[in-house]
2 protein chains.
Amino acid sequence: MAIREKVFDVIISCFKRHGAEVIDTPVFELKETLTGKYGEDSKLIYDLKDQGGELLSLRYDLTVPFARYLAMNKLTNIKRYHIAKVYRRDNPAMTRGRYREFYQCDFDIAGQFDPMIPDAECLKIMCEILSSLQIGDFLVKVNDRRILDGMFAICGVPDSKFRTICSSVDKLDKVSWEEVKNEMVGEKGLTPEVADHIGDYVQQHGGVSLVEQLLQDPKLSQNKQALEGLEDLKLLFEYLTLFGIADKISFDLSLARGLDYYTGVIYEAVLLQTPVRPGEEPLGVGSVAAGGRYDGLVGMFDPKGRKVPCVGLSIGVERIFSIVEQRLEALEEKVRTTETQVLVASAQKRLLEERLKLVSELWDAGIKAELLYKKNPKLLNQLQYCEEAGIPLVAIIGGCPKRRPCGRNQKENKPGPLHLLS
Amino acid sequence: MAIREKVFDVIISCFKRHGAEVIDTPVFELKETLTGKYGEDSKLIYDLKDQGGELLSLRYDLTVPFARYLAMNKLTNIKRYHIAKVYRRDNPAMTRGRYREFYQCDFDIAGQFDPMIPDAECLKIMCEILSSLQIGDFLVKVNDRRILDGMFAICGVPDSKFRTICSSVDKLDKVSWEEVKNEMVGEKGLTPEVADHIGDYVQQHGGVSLVEQLLQDPKLSQNKQALEGLEDLKLLFEYLTLFGIADKISFDLSLARGLDYYTGVIYEAVLLQTPVRPGEEPLGVGSVAAGGRYDGLVGMFDPKGRKVPCVGLSIGVERIFSIVEQRLEALEEKVRTTETQVLVASAQKRLLEERLKLVSELWDAGIKAELLYKKNPKLLNQLQYCEEAGIPLVAIIGGCPKRRPCGRNQKENKPGPLHLLS
């Protein structure tokens, strides 16, 4: 928890720096609210038992509850963050920070605005947070659902297979193109020619120059959706340059993202492992933040279907917690779990009253203070407690007998002057 | 949420001032963990649907999960706080801050210590928090389960009826003694004499002098349990005097507390309503914090039944939220929901690039800044946004044409000097 709080502090102060307010929604939603929003993953939703009343499910992410909240409260314009736990009946993988109950840290901007300004801010926020956390070098992959869809269309993928081919493409960060191609042809029924055509595109990544190049692509630029996506990406790169983060961003045609609700720009931040041999490309070790634009989701909850365009990001804090924890373990750095500034101790017996009075004065003065809950604790035990808990100061109550000012074996005595040792 | 965060800040900083670390437990527990801990209220527990795997329930409070956590991790010594939501299938009462999902803020001290020192600290924490929150005058009622049990024994209540008679006594803060007596005699089968005997005790409240008086009570002082409870309360009052809070504490023999797991001192803080006529006693308007000692609960989760004595408190924040909210409404005080310090604005068109560059510089410098997501927002709209959001500063980018330094109707122009208006 001590590590978590440090990570949350970095994230929350960034969200606040960007003017977000915080909202909260219940841990459960009506079951029907979650139905049909997560594709295949819907089977991972936790349901509550029917004990009478509404049928409820535990939230699966914070995006769908946010969209439901906007529609229900008829909000058309909000910039909010939400840090809370979500629930998935998945196979846990503790070392990789994958649990059935885990935190999500979401920031979203809802409202009708000029293109790419809020989208660019989301990417800026990701970069600010990942830099502040000092968890190593990272790269943000960017793509656009409209470019993907346009690309599928011109390659000859039937409309009905867009989403499933999208899922295949999304695996390219884990498996080779050959395997993805086999899946497309063998399992999903594309011809090898169509698959190869997709392969020519999705194996490309680069900066704004790749955007420019694809804008010149005779086929792709003829597709309305793809053209819109490419033009928006070009504008996005302009803003990212002004924000000083263009060098962190890679336009990556293989980025597809699993969730159904994205409609425009999508992005995913990956940590880079320092290459073993010089000259090798840095290796991605997994996603730590992701997000995108979802302009249709709020409309699904509005009785009149009124749309509220949204763009947002989610920080994968559980993974970050394990990275920070492993780093601290490697450094053998001990993390304090309390913030106590002073231990009120006594060097002699029968000074409980004085200790209680002093610790109370310290509390009333806003100082973080503790005492041992013993009538007559040994000084050594009190100092050991300081050592273990990392308490920097000890206030020792005790007096010296007249004849032997600092000698050993001093008799029990009335309280004397206060000693503060650091 | 803005109000909640303010209240949490007060509570968390007090918990930290007293040297507590923070822990977290999952929102669900094994169903069997919660079974048999809450008496009649167990029917209010939310269960999860059986989707294969363990049978789970949503936590009902934070105390039982804490005890389970201690036993599972074999911890015998910890001072922790935990702020999280708990779940009860109850009838909500929105105006009184009663919901099915609500926050609890718990602080507990677990471990074998000298008597009444941690108990006194819990009461000190309650008083510190309620004073800091400035929600009005309050009183903390204190009693001890051992005194109640001893009293029932000497009055002639059979052992098997202790808990149910306890429940009747607990109603004395809401209904008259006559009604409670009727319940004891009519529904619970006590003789009128036994009930009257109880009535003589439970209608008493006072300070340490009442403790002294009952220590002289020929019957009560002969009961071992009651005597232990009274002697501990006497010691408690000594410590509370040293902590400077004895005047806030009332020894109240009618305080019984609903939960089964308390074994020693119990307490409950109530807000006092200023009496309408001078001379009248202040009226309690409801409990805002409560707690007590539960020395047997951890042992229930330990395979060998090893006990870990615990004492703790819980702040009823939902009620406090509604009180603070009502007070702010009455004062017509507007609460800012964001912390933005500067809005980056422009007085002319075509300055989006400059706005993006400046806002990015501010973010990088750790300054909380926003801009409107429009290419060419009107100055009036930008200033209005500041007004509505309570943003104290605006940085206006724009230049003056050469001939008309500050005139109206100035033409669009290249960016000029930066104006900061507060």
Side-chain angles (χ1 to χ4, degrees), chain A residues 1-2 4-5 13 16-24 26-28 46-51 53 56 58 79 85 87 89 100-101 109 111 113-114 117-118 120-121 124 128 238-239 242-244 337-340 352-353 356-357 360 363-364 366-375 389 391, chain B residues 1-2 4-5 13 16-24 26-28 46-51 53 56 58 79 85 87 89 100-101 109 111 113-114 117-118 120-121 124 128 238-239 242-244 337-340 352-353 356-357 360 363-364 366-375 389 391:
Chain A
M1 283 303 287
R4 287 175 177 217
E5 293 214 316
S13 57
K16 286 188 173 172
R17 194 158 63 235
H18 286 262
E21 53 196 314
V22 57
I23 73 156
D24 192 17
V27 79
F28 35 57
Y46 274 104
D47 291 330
L48 267 79
K49 192 170 157 185
D50 183 1
Q51 295 169 290
L56 302 168
L58 297 186
K79 180 158 58 181
K85 288 177 178 173
Y87 299 87
R89 295 180 53 249
R100 289 182 171 176
E101 173 183 73
I109 301 170
F113 302 115
D114 282 332
I117 312 177
E121 184 168 359
K124 172 76 174 157
E128 283 182 24
E238 273 176 40
Y239 297 161
L242 292 167
F243 283 166
T337 56
T338 64
E339 298 177 10
T340 308
L352 175 61
E353 287 199 5
L356 289 174
K357 247 192 269 180
S360 176
W363 290 330
D364 293 343
I367 292 166
K368 293 168 193 147
E370 285 185 76
L371 82 168
L372 260 59
Y373 303 125
K374 292 267 164 202
K375 275 185 97 158
I391 300 172
Chain B
M1 282 303 286
R4 286 175 177 217
E5 292 215 316
S13 57
K16 287 189 173 172
R17 195 158 62 234
H18 287 262
E21 53 196 315
V22 58
I23 73 155
D24 192 18
V27 78
F28 35 57
Y46 274 104
D47 293 329
L48 267 77
K49 191 171 157 183
D50 183 0
Q51 294 170 289
L56 302 168
L58 297 186
K79 182 160 57 180
K85 288 177 179 174
Y87 299 87
R89 296 179 51 251
R100 290 182 169 176
E101 171 183 73
I109 301 171
F113 301 116
D114 282 332
I117 312 177
E121 184 168 358
K124 172 74 173 157
E128 283 182 26
E238 275 176 38
Y239 297 160
L242 292 167
F243 284 165
T337 57
T338 65
E339 299 178 9
T340 308
L352 176 61
E353 287 200 5
L356 290 174
K357 247 192 269 181
S360 177
W363 290 331
D364 293 343
I367 292 165
K368 295 169 194 147
E370 285 185 77
L371 82 168
L372 261 58
Y373 303 125
K374 291 268 165 200
K375 277 184 95 157
I391 300 172

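A note on names: the letters A, B, ... follow the listed sequences, proteins ahead of strands, and every chain is numbered from 1. Please read these numbers as outputs of a predicted model, since none were measured by experiment.
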>> Has Asp47(B) got a side-chain atom pairing as donor or acceptor with Lys49(A)'s backbone, closer than 3.5 angstrom?
In response: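 Checking the backbone N and O of Lys49(A) against the side chain of Asp47(B), no donor-acceptor pair under 3.5 Å is found.
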> Does the Arg17(A) side chain pair with the main chain of Thr340(B), one donor and one acceptor, at a distance under 3.5 Å?
Replying inline: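 No, Arg17(A) side chain to Thr340(B) backbone: no donor-acceptor pair under 3.5 Å.
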> Which is it for Lys85(B) and Asp24(A) under the side-chain contact (heavy atoms from CB on, under 4.5 Å) test, yes or no, and what are the steps along the way?
Replying inline: CA-CA 11 Å; Lys85(B) 288 177 179 174; Asp24(A) 192 17; 2.8 Å; yes
> Do you know which of Gly366(A), Ala2(A), Ala389(A) has the most heavy-atom pairs under 4.5 Å to chain B?
Replying inline: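 With the most close heavy-atom pairs to chain B, the winner is Gly366(A).
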>> Counting heavy-atom pairs under 4.5 Å with chain B, which one of Gln51(A), Arg4(A), Glu5(A) comes out on top?
In response: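 Top count of heavy-atom pairs under 4.5 Å with chain B: Gln51(A).
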>> Regarding Glu121(B) and Tyr373(A), do their side chains bring together a donor and an acceptor under 3.5 Å, going by distance alone?
In response: yes
> Please walk me through it: do Lys124(A) and Asp364(B) pass side-chain contact (heavy atoms from CB on, under 4.5 Å)?
Replying inline: CA-CA 10 Å; Lys124(A) 172 76 174 157; Asp364(B) 293 343; 2.8 Å; yes
>> At a 4.5 Å cut-off on heavy atoms, which part of Ile23(A) comes close to chain B: side chain, backbone, both, or neither?
In response: backbone
Interface moiety of [X] toward chain A, non-hydrogen atoms closer than 4.5 Å:
X	answer
Lys16(B)	both
Ile367(B)	backbone
Glu128(B)	side chain
Glu101(B)	side chain

>> How about NZ on Lys374(A), more than 12 heavy atoms from neighbouring residues, nucleotides or ligands closer than 6.0 Å, or not?
In response: yes
> Which distance, rounded to the nearest 0.5 Å, do you find between the CZ of Phe243(A) and the CH2 of Trp363(B)?
Replying inline: 4.0 Å
> Nearest 0.5 Å, what's the NE2-NZ distance between His18(A) and Lys368(B)?
Replying inline: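 Separation between the atoms: 12.0 Å.
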>> If you count heavy-atom pairs within less than 4.5 Å of chain A, which of Ala369(B), Gly53(B), Gly244(B), Ala120(B) leads?
In response: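 Highest number of pairs under 4.5 Å: Ala369(B).
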> Can you check side-chain contact (heavy atoms from CB on, under 4.5 Å) on Tyr46(A) and Leu56(B), steps first, answer last?
Replying inline: CA-CA 11 Å; Tyr46(A) 274 104; Leu56(B) 302 168; 4.3 Å; yes
> Is there a side-chain contact (heavy atoms from CB on, under 4.5 Å) between Leu372(B) and Ile117(A) once you walk through the steps?
Replying inline: CA-CA 9 Å; Leu372(B) 261 58; Ile117(A) 312 177; over 6 Å; no
> Do the non-hydrogen side-chain atoms of Thr337(A) and Val22(B) ever get within less than 4.5 Å of each other?
Replying inline: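 They are not in contact (no side-chain heavy atoms under 4.5 Å apart), so the answer is no.
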> With side chains defined as the heavy atoms from C-beta onward, is the minimum distance between Leu352(A) and Asp114(B) less than 4.5 Å?
Replying inline: no
